[in-house]
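Report on the following structure.
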There are 2 protein chains.
Amino acid sequence: MKAPSSDRPIIRPLPAIDRARQVTDALADYVQSARLKAGDRLPAERELMSALMVGRSTIREAIRHFQALGVIETRKGSGTYLLKPVSKATIHMPLSLDTGHLRDVLLQTLEVRRGIECEACMVAARKRTDKDLILIEQNLDAMERVHISKGTSGPEDLAFHLAIYDATHNPLFRQLLEQMRETFWQFWEHPFEREDFARRSFPFHRTLYNAIAARNAEAAREETLKILEVVEEDIKEMSK
Amino acid sequence: MKAPSSDRPIIRPLPAIDRARQVTDALADYVQSARLKAGDRLPAERELMSALMVGRSTIREAIRHFQALGVIETRKGSGTYLLKPVSKATIHMPLSLDTGHLRDVLLQTLEVRRGIECEACMVAARKRTDKDLILIEQNLDAMERVHISKGTSGPEDLAFHLAIYDATHNPLFRQLLEQMRETFWQFWEHPFEREDFARRSFPFHRTLYNAIAARNAEAAREETLKILEVVEEDIKEMSK
DNA sequence: CCTTGGAATTGGTCTGACATCTTAGCATTT
DNA sequence: AAATGCTAAGATGTCAGACCAATTCCAAGG
């Protein structure tokens with residue numbers, strides 16, 4: 001039986017479910033309501049402390065939470081900065097991948113990329129608007145110009161593919177592939193820097209564009225496979 | 001204020017010697033050296049504190065780090081438990097996905113699954129060993145038995161597909177799809193529970209098995225597409 | 001105008017204390 | 001002997017205060 005215990009207030013300070021969850025939600029909520037964009041600085045820990053009425057350690061652990069998720073970045077003496085805008089509706093899907101030898105990692109990620117990138121190009125071929133197509137062509141032209149003048153085309157190659165991902169009108173493709181590229185940059189970006197790669201993969205980018213322009217999903221898949229085959233050759237060459 | 005930074009470089013210089021990084025590495029190192037398995041309990045915070053010779057707040061923030069990455073789980077009053085074994089060689093790839101309406105999330109994740117699952121089944125068809133095939137068939141048989149007796153086959157359906165992913169001999173496929181399933185369970189698991197789904201997708205599982213048994217990658221892709229088409233129907237039906 | 005120094009700000013860490021929850025062990029009762 | 005109830009130890013959760021280290025800002029001085 002529960003007599004109205006007078007020693008404890010009726011309204012408890014919400015110990016029901018993890019306070020940590022509340023704080024992380026509050027932080028995401030603040031980012032959303034304050035319209036913070038990537039690069040913006042968050043309030044100082046001591047400000048958030050008094051604003052949310054929690055201890056500093058709680059704030060710091062919430063910051064560590066988003067830091068681990070790659071959403072924010074802390075700079076000692078300067079502040080904490082937003083890398084990607086978040087809100088309470090943001091879903092976080094952390095992947096933990098056990099890696100073996102370098103060659104295995106490269107080939108395994110390549111297999112996954114084959115699945116995702118081919119599908120992205122197929123969807124882009126089906127769903128692209130005329131506006132998307134123009135953007136893709138602009139990036140392709142820029143890529144070809146740089147390739148002719150400098151021999152390599154790292155950033156322009158990336159921009160071209162990103163334009164295709166955006167043409168899918170499915171943000172997941174871009175977020176997935178961009179994050180994969182960033183995570184495995186140390187591994188798979190090197191082949192892209194080889195002038196060899198740009199030269200050999202060069203013709204397939206134009207044909208890929210043509211396939212997307214013609215709304216030919218199967219052809220888009222074929223051309224993407226050819227590009228990734230060049231990548232595979234480089235990986236096997238590099239780690240021999 | 002400060003001038004808006006033009007754009008963040010792809011790779012940014014790591015803060016010289018981050019103590020936090022050292023502690024998280026040390027924690028991952030301990031998990032590896034102690035041969036901890038999923039479900040095992042980690043030493044208490046105060047033990048780790050003195051073992052690693054750092055303050056408790058530092059330990060807690062490192063724990064929060066791995067907690068955000070879904071690697072460990074803390075139970076108040078009990079301890080911190082390992083969900084997935086990690087080591088210093090474990091690569092963490094956190095994805096932050098901005099979700100819109102439920103229907104969009106479902107269809108967008110389905111497009112990505114189409115890419116990954118089709119590729120996984122194709123790779124499985126090419127790389128599967130006889131031992132893999134036996135495992136797949138066992139899971140298929142179990143699934144059919146349960147389907148006939150109970151009408152639904154949620155866990156068994158999952159086990160069947162996991163067996164296929166393992167047959168790729170590429171751990172990334174299983175880790176990716178398992179994590180996606182876990183993250184979006186609240187959204188996409190419901191269609192799987194419909195007896196309707198089990199009935200309509202039933203025949204394609206046997207044909208998918210046959211394609212993998214025949215090492216016919218293209219056929220495996222076709223059958224996977226058929227299964228996902230049933231899923232798509234359910235999604236559109238559910239959110240109408 | 002530019003440089004330079006110091007003060008203010010901010011994240012990083014440690015210590016200590018208390019609250020709350022879980023668990024295991026002991027004592028009691030059945 | 002088995003089931004039950006209670007207490008105490010141990011664990012995480014949280015707060016507070018202090019200090020360190022790095023950065024930033026601004027005013028004094030060249």
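These numbers were taken from a predicted model, which means no experiment stands behind them. A note on names: the letters A, B, ... follow the listed sequences, proteins ahead of strands, and every chain is numbered from 1.
- Across all strands shown, A:R60 has heavy atoms under 4.0 Å from base atoms, whether or not it also approaches the sugar-phosphate.
- Atom CD1 in A:I72 sits roughly 12 Å away from atom C1' in C:dG11 (whole-Å rounding).
- Taking atom CD1 of residue B:I59 and atom C1' of nucleotide C:dT13, one finds them 12 Å apart after rounding to whole Å.
- Place B:E45 and A:V54 on DNA chain D by their nearest nucleotides, and B:E45 ends up nearer the 5' end.
- Side-chain N/O atoms of A:R75 and base N/O atoms of C:dG12 include no donor-acceptor pair closer than 3.5 Å.
- Protein atom CG of A:L42 is 13 Å distant from nucleotide atom C1' of C:dT10, rounded to whole Å.
- For B:H161 and B:H205, the ring centers are positioned less than 6.0 Å apart.
- Following rounding to the nearest Å, B:L48 (CG) and C:dT13 (P) show an atom-to-atom distance of 16 Å.
- Closest to the side chain of A:R46, out of C:dC14, C:dG12, D:dA11, is C:dG12.
- For A:T74, a side-chain nitrogen or oxygen approaches OP1 or OP2 of C:dG12 to under 4.0 Å.
- Of all non-hydrogen atoms in A:D157 and A:M143, the two that sit nearest each other are OD2-CE, 3.5 Å.
- Side-chain nitrogen and oxygen atoms of A:R56 include none within less than 4.0 Å of the OP1 or OP2 phosphate oxygen of C:dT10.
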Full working for side chain to side chain contact (heavy atoms under 4.5 Å, CB included) between B:V231 and B:L110: CA-CA 8 Å; B:V231 178; B:L110 183 64; 4.0 Å; yes
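- Across all strands, A:S57 comes closer than 4.0 Å to base atoms (heavy-atom distances).
- Protein atom CD of B:E61 is 12 Å distant from nucleotide atom C1' of C:dC14, rounded to whole Å.
- For the pair A:M53 CE and D:dT14 P, the computed distance is 15 Å after rounding to whole Å.
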Step-by-step side chain to side chain contact (heavy atoms under 4.5 Å, CB included) determination, A:F173 to B:Q108: CA-CA 9 Å; A:F173 279 118; B:Q108 286 169 0; over 6 Å; no
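- A:S50 places a side-chain N or O within 3.5 Å of a backbone atom of A:E47 that can act as its donor or acceptor partner.
- Rounded to an integer number of Å, the gap from A:K76 NZ to D:dA22 P is 5 Å.
- Distances shown here put a side-chain N or O of B:T58 below 4.0 Å from the OP1 or OP2 atom of C:dC14.
- Nucleic acid contact class of B:E73 (heavy atoms, under 4.0 Å, all strands): none.
- Across all strands, B:G77 comes closer than 4.0 Å to base atoms (heavy-atom distances).
- The CD atom of A:Q67 sits 12 Å away from the P atom of C:dG11 (whole-angstrom rounding).
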